[in-house]
Amino acid sequence: MCTLEKHGDVFVLTLTGSSDVDEHRFGPPAIDSILSAIAKAKAEATPGSALITTSHGKFFSNGFDLAWAQAAGSRTGARERLHYMVESFRPVVGAMMDLPMPTVAAVNGHAAAAGLTLALSHDYVIMRRDKGVLYMSEVDIGLTLPDYFAALFRAKVGSATARRDVLLRAKKIKGEEALRMGLVEAAYDSEEQVAEASMRLAKQLAGRKWAGEVYAEIRKSLYPDLCGVLGLDIRAVVSNSKL
């Protein structure tokens, strides 16, 4: 589940759970909650808005709720539930790509599988140096990548070596290495520093007072293959009153 708060021009979407060790798994209720929060931020956006996504506790997110899938009681049922989560999460990535404001992921814990996918759906990722790893577990647990996961990594991770190590080696990547690999914008030594740096960056971006619709269309134009997989159209928009 999640909450959405607004601090000045900055929306803060927080993944919440029952305790500090909640893994923030993405089952149907959590996915619906995130989609609702993004839709609310979009509906209330003004020129100069920005969004931070963060979490409570040890995890940013550990990915899909595989326990819910396995609770179906049969292999067929488990696969159907997994497929349902994969397809339900596709609009989350699409909504992030189409959001009319700059976005910052404040990753203050482990981000794995769909959790890392959510983080990379943001324009900027800031993580902890002292705790937490980025990890794509699919090859370790025997699952192929959804098409939009693969498209996101091709779009957002420029180095073929980095993509190999993340996706084919299932390397668990800490802050300093993530920074060297180009996966994150910055790494800090504590949860508080991550929060402060994320808010500082979000306020700087919001302060530019960009037209959100123009910002979203430029973002999508940078990643045409990803947007094609997500079913997002790229449009020409002019917000300059003199043109």
The residue among D140, I173, N62 that forms side chain to side chain contact (heavy atoms under 4.5 Å, CB included) with Y135 is D140
Salt bridge between D65 and R81, side-chain N to carboxylate O under 4.0 Å? no
Shortest non-hydrogen contact from A202 to A50? O-CB, 3.7 Å
Side-chain donor or acceptor of S33 paired with backbone N/O of P29 under 3.5 Å: no
Tell me whether the rings of F26 and F64 are parallel (<30°), tilted (30 to 60°) or perpendicular (>60°). perpendicular
Would I31 and M97 show up in the same hydrophobic cluster when neighbours are defined by side-chain heavy atoms closer than 4.5 Å? yes
With the side chain counted from C-beta on, respond yes when I38 and V92 share a heavy-atom pair under 4.5 Å apart, and no when they do not. yes
Same cluster for L116 and V104 if Ile/Leu/Val/Met/Phe/Trp/Tyr side chains link at under 4.5 Å? no
Is the count of non-hydrogen atoms from other residues, nucleotides or ligands lying under 6.0 Å from H122 atom NE2 greater than 12? yes
Can you check whether L118 reaches F60 side chain to side chain, under 4.5 Å on heavy atoms? yes
What's the shortest heavy-atom distance between S198 and A106, and which atoms? OG-CB, 3.2 Å
Does any part of the side chain of Y215, heavy atoms only, come nearer than 4.5 Å to the side chain of L99, both counted from C-beta? no
Can a donor-acceptor pair be found, under 3.5 Å and without considering hydrogens, that links the side chain of N108 to the backbone of S55? yes
For residues M181 and Y124: do they belong to one hydrophobic cluster (side chain heavy atoms under 4.5 Å, members Ile, Leu, Val, Met, Phe, Trp, Tyr)? no
Report yes or no: does T14 contribute a side-chain atom to a donor-acceptor pair with the main-chain N or O of T3 at less than 3.5 Å? no
Hey, is the main chain of T46 close enough, under 3.5 Å, to the side chain of S49 for a donor-acceptor pair? yes
One should read off an interatomic distance between F149 CZ and M136 CE, to the nearest 0.5 angstrom, of 5.5 Å
Is there a donor-acceptor pair closer than 3.5 Å between any side-chain N or O of R129 and the backbone N or O of G175? no
Ignoring hydrogens and angles, state whether a donor on the side chain of S190 or D130 is under 3.5 Å from an acceptor on the partner side chain. no
What distance separates H110 NE2 from R128 CZ, expressed to the nearest 0.5 Å? 9.5 Å
I want to check something: taking the side chain as every heavy atom from C-beta on, are L82 and R79 in contact at a cut-off of under 4.5 Å? no
Under a 3.5 Å distance rule, please check whether R163 uses its side chain to pair with a backbone N or O of V157 as donor and acceptor. yes
Could you tell me whether the side chain of V194 reaches within less than 4.5 Å of the side chain of T54, counting heavy atoms only? no
I would like to know whether V125 and L183 meet side chain to side chain contact (heavy atoms under 4.5 Å, CB included); could you show each step before the answer? CA-CA 7 Å; V125 182; L183 298 174; over 6 Å; no
Under the side chain to side chain contact (heavy atoms under 4.5 Å, CB included) rule, what do E196 and Y188 come out as? Steps first, then yes or no, please. CA-CA 10 Å; E196 291 169 1; Y188 291 89; over 6 Å; no
Could you tell me whether the side chain of L205 reaches within less than 4.5 Å of the side chain of W210, counting heavy atoms only? yes
Here the pair of heavy atoms bringing P28 nearest to M85 is CD-CG, 4.3 Å
Do the non-hydrogen side-chain atoms of Y148 and V86 ever get within less than 4.5 Å of each other? yes
Do other residues, nucleotides or ligands put more than 12 heavy atoms under 6.0 Å from the NZ atom of K40? no
Side-chain (R219) to main-chain (M101) donor-acceptor, under 3.5 angstrom: yes
Which value, rounded to the nearest 0.5 Å, describes the distance between M96 atom CE and L230 atom CG? 12.0 Å
S121/L152 under side chain to side chain contact (heavy atoms under 4.5 Å, CB included): CA gap, chis, key distance, verdict: CA-CA 7 Å; S121 297; L152 178 70; 4.0 Å; yes
May I ask you to test the M199-I52 pair for a side-chain heavy-atom distance under 4.5 Å? yes
A quick test of your reading: do over 12 heavy atoms of other residues, nucleotides or ligands sit less than 6.0 Å from OH of Y223? yes
Can E213 and R235 be counted as an ion pair, charged N to O under 4.0 angstrom? yes
Starting at CD1 of I234, measure out to CD of E217 and round the result to the nearest 0.5 Å. 7.5 Å
d(R164 CZ, S159 OG) to nearest 0.5 Å is 8.0 Å
Backbone of D233 reached by a side-chain donor or acceptor of K220 within 3.5 Å: yes
Which heavy-atom pair separates A178 from M127 by the least distance, and what is that distance? CB-SD, 3.7 Å
Could you walk me through whether L226 and R154 pass the side chain to side chain contact (heavy atoms under 4.5 Å, CB included) check? CA-CA 8 Å; L226 172 61; R154 290 194 301 269; over 6 Å; no
Between the main-chain N or O of A162 and the side-chain N or O of K171, is there a donor-acceptor pair closer than 3.5 Å? no
Between E177 and K174, is there a salt bridge with N-O shorter than 4.0 Å? no
Quick one: closest heavy-atom pair of I126 and L201, and the distance? CD1-CD2, 4.1 Å
At what distance, to the nearest 0.5 angstrom, does CE of M1 lie from CG of D22? 11.5 Å
Applying the 4.5 Å side-chain criterion to the ILVMFWY set and letting contacts propagate, would F89 and L143 be lumped into a single cluster? yes
All heavy atoms of L13 vs all of A37, minimum pair found to be CD1-CB, 3.7 Å
Would you say the side-chain atoms of K172 pair up with the backbone N or O of V133, donor to acceptor, closer than 3.5 Å? no
Cluster check L222, V229: I/L/V/M/F/W/Y, side chain < 4.5 angstrom: yes
